[in-house]
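Working notes, beginning with the structure itself.
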Amino acid sequence: MMPVILWSDALVFLLLAAVAAATWQVRRRPHLLLPWQRVRQNRLAMVAASWLALFLLVGGLDTLHFRPALPGNGPTVYAPEVVSVLDTALGPLKRQTEKTYSAPFATQLYAKESLTDANGQVRRDFPRLRYGGAHLGAQVADADGDIARRGALGALAGWLALGLLAAWQRWRGQKLSWVFWLNGGVMAALLGATASLAPYYHVLGTDKVGQDVLYLALKSIRTGLIIGTVTTLVTLPLGLGLGIAAGYFRGWVDDVIQYIYTVLSSIPSVLLIAAAVLMMQTLLETHPDWFDTAAARADVRLVFLCLILGVTSWTGLCRLLRGETLKLREMEYIQAAQAFGVSSWRILSRHIVPNVMHIVLISLVMDFSALVLAEAVLSYVGVGVDPSMTSFGTLINAARLEMGREPMVWWTLAAAFSFMLVLVLAANLFADAVRDAFDPRLNRTT
Amino acid sequence: MFAYLLRRILYAIPILIGVNVLTFALFFVVNTPDDMARMQLGMKRVTPEAIVKWKQQHGYDKPLFFNPQSDGSAHLTDTIFWQKSVGMFVLDFGFADDGRDIRREIETRMWPSLAIAVPTFVVGLLLYVSFALLMTLLRGSWLDTLGVGLCVLLMSVSGLFYIIGGQFLISKLWHWVPISGYDDGLAGLKFLWLPIAVGIVGGIGSSSRWYRTIFLEEIGKDYVRTARAKGLSEGAVLFRHVLKNAMIPILTGVVVVIPLLFMGSLLTESFFGIPGLGSYTIDAIQAQDFGIVRAMVFLGSALYILGLILTDVSYTLVDPRVRLA
């Protein structure tokens, strides 16, 4: 196989490296570690973090891309399709496609078809699924019992794993609260049951072209996470650099920067994003020769979308930092540094930036959930990710028209919305905990 | 006050010019008019004549910023930038790709938008403030915790879910109101309930929580302690003192959106089939009609700046200490 690094992958790796470097810095300094210890003590935040970690794991596996080698003798030939480690891990889910819609745990297709039975008689009935419940053979009626049995076994296996984890934590001397048991129990049961059922049934049904909805929902996670995180690579340098420059230098620098962000923030953001994306679309469509694979093209579009979202959303952070820097530059320690003749660059990097980092961090974690939600809306409007790329927005968009069918096709929408809800809710709860831990305005006795 | 307003309005002009230059750069510099013509006419088999004709029809056959072939002031005026952006300042938005006058479309379509946006805004604001006051009154109790938890849950749900869920539950399952559509006058009332309700529910989470934070910040101040020491009841303290003093931070976020109500909501209008400005914009985006998108960008930013000015004026109304000079 040949590893492939798409643009978005490279940016994710860059981001991971930055986070790793920051973690290393924080771990060496007790005063920086203190707020994170407050976050750790917040039980709700740890529950949220555990779910976020699960999503990050899925998204991370989906970021390691490669092109598999095609079987055969002679020189190695690589498949034109770019797949990820997640695709390989979920192999059966990806391959087991039905003809069209089928409900969760169904053994039959959603629509009736003309079937020819052994005697040559033609009748209208629901055909059996190719993969959903295929191991049952003719005993379709046993499906419910089989599902319950496999689900229970999976949940038990999950709890066993949880027990092992708990034993290891105890051995390390950690105390485990009831929150750990409750949250871990739910998570382990859910994961275990899904893992044991997914190879045999379509746990969340199938979509119009018969793809497994669970697989699509898992693939969407990476898109949502990338939109939420890679965008910060744009907002952070712009907001931080321009914000503290405006606040520290004042005068004409401040005027120019204020003018730029007033212009940008006065355009309604959806319209600005729409205008920028339309132009990006035209640009990509007039230069089809830039990309060798469809995946690369969709990926560049995703990176562009992050770029555009970043350019339209740094103004809030910039305004906050400008205000804070205006306040900081009048403090005695900054004036002392100025009196000693320390250069502006050194004052900014050694004295101002570390003292505004809490604002940056709070604002970045708060923006994350808003960006994940915005992706769905933008994809619906038609200015989101590439239609060929799986995302919560494209899933909802495709499933929206199926509401009118009788009986209703509800599972794609339900899956997309519940995955999004869990991700955004976890992100919101975690962001709240981070804000509470880092906000110096809150009085603390500890 | 009038000198202040005049200065603010004059200050708006360079910002609007900036908006114009930015959208112009986005639309015409990133892609040449030739690229756009090819997009509009279909990528394949476009003759150069067809491109020239399309550019002529849409007025894109001139130089971008500077026309060396003209004389005098026409050097600058006989260009795409001048022709396409100066008209906007006198609200002349030109014509859409289907040949209709954009300004006339805006004038007819703003009424349906307002019919949805104004009730959503007014009822929503009252509801959010009351809910936030209720939570503040019960602060510290388990009901308050429950309310905040509910808010976080509600704000974590995608806005699309409220629309789709509302349409499914109320229109499809219970048949209370039609799924979508619009009609003028009282007959149209049955179409309005659902989008308004969905709009209100969609904002409860984030707004109520935000107002609660504002109220809690006010309630820790000295004048509240004084009011309590006077023997005022908790309700009187909240309604007569805290609510009034919390007006400034609330107005900061609220007044600025009032002019933008004209623009309507992209999502709500397109889902419910309301022929307002929101659905006009979304149709233009999907049909890649650059003229309409540019007009809406300009209108949106002009209204936003108007909102900022109104915010400053509203401060003088609620806080007699604020003087604009």
Side-chain angles (χ1 to χ4, degrees), chain A residues 44 259-260 262-283 285-288 369-370 372-377 379-383 392-393 396-397 399-400 403-404 408 410 413-414 416-418 420-429 432 441 443, chain B residues 11-12 14-19 21-23 25-32 34-36 38-39 43 148 152-153 155-161 164-165 167-168 172 179 205 217 260 263 266-267 270-271 281-282 284-286 288 290 293-294 296-305 307-308:
Chain A
L44 199 56
Y259 175 72
I260 295 173
T262 317
V263 167
L264 273 177
S265 59
S266 74
I267 304 175
S269 59
V270 181
L271 281 175
L272 183 57
I273 294 166
V277 171
L278 278 185
M279 286 311 102
M280 184 250 305
Q281 254 170 318
T282 318
L283 188 73
E285 247 158 80
T286 43
H287 299 277
S369 49
V372 174
L373 289 178
E375 185 275 324
V377 172
S379 294
Y380 168 74
V381 178
V383 294
F392 295 124
I396 292 170
N397 205 3
R400 191 172 56 89
M403 295 280 293
M408 210 177 76
W410 50 269
L413 279 177
F417 279 131
S418 29
M420 250 170 103
L421 176 66
V422 174
L423 175 60
V424 174
L425 186 60
N428 273 334
L429 291 174
D432 278 357
R441 278 187 307 173
N443 260 332
Chain B
Y11 184 60
I15 291 177
L16 284 177
I17 293 176
V19 169
V21 171
L22 184 72
T23 42
L26 268 177
F27 280 86
F28 293 101
V29 181
V30 177
N31 299 285
T32 62
D34 286 37
D35 288 339
M36 288 202 298
R38 228 168 277 138
M39 274 286 290
M43 291 306 285
V148 176
V152 177
L153 186 68
M155 66 191 261
S156 303
V157 176
S158 167
L160 294 168
F161 177 78
I164 295 177
Q167 279 184 330
F168 170 70
K172 201 168 170 221
I179 284 191
E217 205 155 296
L260 287 171
M263 305 280 291
L266 293 185
L267 283 189
S270 90
F271 266 99
T281 314
I282 211 171
I285 292 172
Q286 276 158 3
Q288 309 212 335
F290 304 125
V293 176
R294 285 178 55 234
M296 299 316 277
V297 167
F298 184 83
L299 197 64
S301 31
L303 289 172
Y304 177 80
I305 294 168
L308 289 181

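The analysis underlying the following values was restricted to heavy atoms, covering all of them including side chains, and did not include hydrogens, waters or symmetry mates. Naming: A, B, ... by sequence-line order, numbering from 1 per chain. Note that the coordinates shown come from a computational prediction; the quantities given were computed from them, not determined experimentally.
If you measure heavy-atom distances from A/Ile260 to chain B, you find no contacts under 4.5 Å at all. For a residue to count as touching a neighbouring chain, one of its non-hydrogen atoms must lie under 4.5 Å from one of that chain's; by this rule B/Leu22 touches chain A with the side chain only. Both the backbone and the side chain of A/Ile267 come within less than 4.5 Å of a heavy atom of chain B. Of the atoms belonging to A/Leu423, not a single heavy atom falls under 4.5 Å from chain B. Both the backbone and the side chain of A/Leu425 have a heavy atom closer than 4.5 Å to some heavy atom of chain B. Neither the backbone nor the side chain of B/Leu303 comes within contact range of chain A; no heavy atoms are under 4.5 Å apart. In this structure, chain A has a heavy atom under 4.5 Å from the side chain of B/Leu266, while its backbone stays farther away. For A/Val377, the parts lying under 4.5 angstrom from a heavy atom of chain B are both the backbone and the side chain. Proximity to chain A is limited to the side chain of B/Met263, based on heavy atoms less than 4.5 angstrom apart. Interface remark: B/Ile305 contributes side-chain atoms only to the contact with chain A (heavy atom separation under 4.5 Å). For B/Ser158, the parts lying under 4.5 angstrom from a heavy atom of chain A are both the backbone and the side chain.
Among the candidates B/Val21, B/Leu16, B/Ile15, the single residue satisfying the side chain to side chain contact (heavy atoms under 4.5 Å, CB included) test with A/Val263 is B/Ile15.
Heavy-atom neighbours of B/Phe161 CZ from other residues, nucleotides or ligands within 6.0 Å: at or below the threshold of 12.
Between the side chain of A/Ser379 and the backbone N or O of A/Ala376, no donor-acceptor pair lies under 3.5 Å. At least one donor-acceptor pair under 3.5 Å links the side chain of A/Tyr259 to the backbone N or O of B/Pro14.
Of the listed residues (B/Thr281, B/Leu160, B/Ile282, B/Val293), the greatest number of heavy-atom pairs within a distance under 4.5 Å of chain A belongs to B/Leu160. Ranked by heavy-atom pairs shorter than 4.5 Å toward chain A, the options B/Leu260, B/Val157, B/Ile17 are led by B/Val157. Per-residue heavy-atom pair counts under 4.5 Å with chain A were compared for B/Phe298, B/Phe168, B/Tyr304, B/Tyr11, and the maximum is reached by B/Tyr304.
The two residues A/Ser266 and B/Val19 come nearest to each other via the heavy atoms OG-CG2, 3.6 Å.
Rounding to the nearest 0.5 Å gives a distance of 10.5 Å between CZ of A/Phe392 and CG of A/Leu421. The distance from atom CD1 of A/Ile273 to atom CE of A/Met280, rounded to the nearest 0.5 Å, is 11.0 Å.
A heavy-atom distance below 4.5 Å is found between the side chains of A/Met420 and A/Ile396.
Between B/Phe271 and A/Tyr380, the two ring planes are parallel [angle under 30°; tilted spans 30° to 60°].
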